Q: 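Here you go, one structure.
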Amino acid sequence: MEKFEISCREEAMNGRNTFADDLLRWYAQEARDLPWRRRSSPYSVLVSEFMLQQTQVATVIPYFTRWMERFPDFESLAAADEEEVLRLWEGLGYYRRARSLHAIALLVAGPLGGALPDDYDSLLQLPGVGPYTAGALASLAFNRPEAALDGNVERLMTRLLDIAEIPGPALREDLRRRITAAIPPGRARDFNQALMELGALVCLPRNPLCLSCPLKGHCLALARGTAAERPLRRLRPPVETVRALALLVTDGDRFLLLRHRDGERWQGLWEFPTFDGDEESVAADLQLDRTAWKKAGSVRHSFTRYRREISAFSLAVGLSLPLPGTEDREARWVAREELGDYPLSAGSRKIREGLIAPAEGESSVDGGRGKA
DNA sequence: AAAACGGGGTT
DNA sequence: AACCCAGTTTT
């Protein structure tokens, strides 16, 4: 690992371009024109970085634009209801990010006195801000010499140094130190963005475009032919399938929605009443007569190591409410046209979009076999 | 259909 | 270090 610093120094002494020179030159030419790079402010950097956690650039762009129109600054976000914040986030997933962002806006508008802190350690204290985001904010918003080690940069660095080790906390800490040391004075913002951009555009996960890489003369894995094998990854645990059942309880044209409780999954979001288990067990638990149910279709929803298969059944109201086990949840009858006003969890959103919005009748989404 | 991608938080 | 959160995109 000494090699990286030593080779930078040698390169400089030999009059060759350093790694950082080649990288910055490439970035000056190839940087994408992204909305959050246009009129950048600490606030816009914060919003974009939160949206970009776990989510790709192409997906984020329309959300970012809409968000900045509705909430252009900390004050407007701080003044918003959580429900509206969640609605604007709907579809991006991992809603804790939206609640954390809202919480940061409230902190900035209140105790923090109007501005984001500008140093790594203080940023790290903010909700939803970990080592990556603290480094990204410090460098991209304030041009502080901190590393921003995201998945792109981790991949790039394990190749550059040909690290044959599964990345863990210790390696990440080491890379973070090394990157920090390599930042050219005053260039933290460009240097970090260049690293991430190179990871996103050239140093691709499966098929890196090594021949077009500005760092090809510095890359150990390229020299050894191991680039495509880096970084090493742990084997994934097997996928577990979970069956669930959603009830589309209708009262004429209105649907019953339930709000998720605070402190539980999907906090603050709404759903069509959904229960784990199969048709039989759910009917028994709820003491309902399932001969009155009509299959509306099914949706599938996957995340990390789970696959959730949700069968949806329509039933006219005529059951006793509240449903057993949902007594302490807020319930609301919502007209079909107004379902879009409620932030729904992914499963219920797929039901709304695939099973309710287009037409009645038998259908399914996401390849779900709408077995009648 | 399967696999990849990918940060923060918790324990 | 391992697992949860409660997902989309690529292959």
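Predicted, not measured: the structure shown is a model, and the values here were computed from it.
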Q: May I ask you to say what Y94(A) touches in the nucleic acid, namely base, sugar-phosphate or nothing, with a heavy-atom cut-off under 4.0 Å?
A: base
Q: Could you tell me if the side chain of W36(A) sits less than 4.5 Å from the side chain of V45(A), heavy atoms only?
A: no
Q: What integer number of Å spans the P atoms of dC5(C) and dA3(B)?
A: 23 Å
Q: For DNA chain C, whose closest nucleotide is more 5', that of P169(A) or that of R96(A)?
A: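 Whichever sits nearer the 5' end wins; that is P169(A).
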Q: Tell me the interatomic distance from I166(A), atom CD1, to dA4(B), atom P, rounded to whole angstroms.
A: 13 Å
Q: Under a 4.0 Å threshold between the charged nitrogen and the carboxylate oxygen, would R178(A) count as salt-bridged to D174(A)?
A: yes
Q: May I ask you to say whether E279(A) pairs ionically with R243(A), meaning some side-chain N is under 4.0 Å from a carboxylate O?
A: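 No salt bridge links E279(A) with R243(A).
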Q: Report yes if a side-chain nitrogen or oxygen of T59(A) is closer than 4.0 Å to either non-bridging phosphate oxygen (OP1 or OP2) of dT9(C); otherwise report no.
A: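 Yes.
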Q: Is the distance from OP1 or OP2 of dG8(B) to the nearest side-chain N or O of T133(A) less than 4.0 Å?
A: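 It does, given that an N or O in the side chain of T133(A) lies less than 4.0 Å from OP1 or OP2 of dG8(B).
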Q: Check this one for me: any side-chain N or O of R172(A) less than 4.0 Å away from OP1 or OP2 of dG7(B)?
A: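 The answer is no; no side-chain N or O of R172(A) sits under 4.0 Å from OP1 or OP2.
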Q: Between atom CG in N207(A) and atom P in dA4(B), what is the gap in whole Å?
A: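 Value for this atom pair: 13 Å.
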Q: Grab the CG-P distance between L92(A) and dG7(B) for me, whole Å please.
A: 15 Å
Q: Using atom CG of L235(A) as one end and atom C1' of dA2(C) as the other, report the distance to the nearest whole Å.
A: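 For the pair L235(A) CG and dA2(C) C1', the rounded distance is 15 Å.
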Q: If the cut-off is 4.0 Å, is R305(A) near the phosphate of dC4(C), judged by side-chain N/O to OP1 or OP2?
A: yes
Q: Between T55(A) and L124(A), which is nearer to the 5' end of DNA chain B once each is assigned its nearest nucleotide?
A: T55(A)
Q: Which residue lies toward the 5' end of DNA chain C, R99(A) or Q56(A), if each is placed at its nearest nucleotide?
A: R99(A)
Q: Nearest-Å distance, CZ (R300(A)) to C1' (dA2(B))?
A: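 About 11 Å, once rounded to whole Å.
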Q: From C-beta outward on T304(A), which listed nucleotide comes closest to its side chain: dT8(C), dC5(C), dC5(B)?
A: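 Selected nucleotide: dC5(C).
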Q: Base, sugar-phosphate, or nothing: which does R206(A) touch, judged by heavy atoms less than 4.0 Å apart?
A: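 Sugar-phosphate, no base atom in range.
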Q: Please determine whether a side-chain nitrogen or oxygen atom of R349(A) lies at a distance below 4.0 Å from atom OP1 or OP2 of dT8(C).
A: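 The answer is yes; a side-chain N or O of R349(A) sits under 4.0 Å from OP1 or OP2.
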Q: Pick base, sugar-phosphate or nothing for V129(A), based on heavy-atom distances below 4.0 Å to the nucleic acid.
A: sugar-phosphate
Q: Starting at CD of E240(A) and ending at P of dC3(C), how long is that distance when rounded to a whole Å?
A: 13 Å
Q: NA contact type, P127(A), heavy-atom cut-off 4.0 Å: base, sugar-phosphate, or nothing?
A: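 Touches sugar-phosphate only.
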Q: Does the distance from a Lys or Arg side-chain N to an Asp or Glu carboxylate O, for E271(A) and R329(A), drop under 4.0 Å?
A: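 Result for this pair is yes, salt bridge flagged.
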Q: Please state whether the base of dG7(C) and the side chain of Y306(A) form at least one donor-acceptor pair under 3.5 Å?
A: no
Q: Tell me the interatomic distance from W89(A), atom CH2, to dG7(C), atom P, rounded to whole angstroms.
A: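 Roughly 12 Å, once rounded to whole Å.
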Q: Measure from CZ on R233(A) to C1' on dC5(B) and round the result to the nearest Å.
A: 8 Å
Q: Whether N152(A) contacts dG6(B) is assessed here as follows: a side-chain N or O lying under 4.0 Å from the phosphate OP1 or OP2. Is that the case?
A: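 Yes, N152(A) has a side-chain N/O under 4.0 Å of OP1/OP2 on dG6(B).
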Q: Under the side chain to side chain donor-acceptor pair (under 3.5 Å) criterion, do R96(A) and Q267(A) qualify, and how do the steps go?
A: CA-CA 8 Å; R96(A) 180 187 296 279; Q267(A) 178 177 331; over 6 Å; no
Q: So, R307(A) and E309(A), do they make that salt bridge, N to O below 4.0 Å?
A: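 Yes, R307(A) and E309(A) are salt-bridged.
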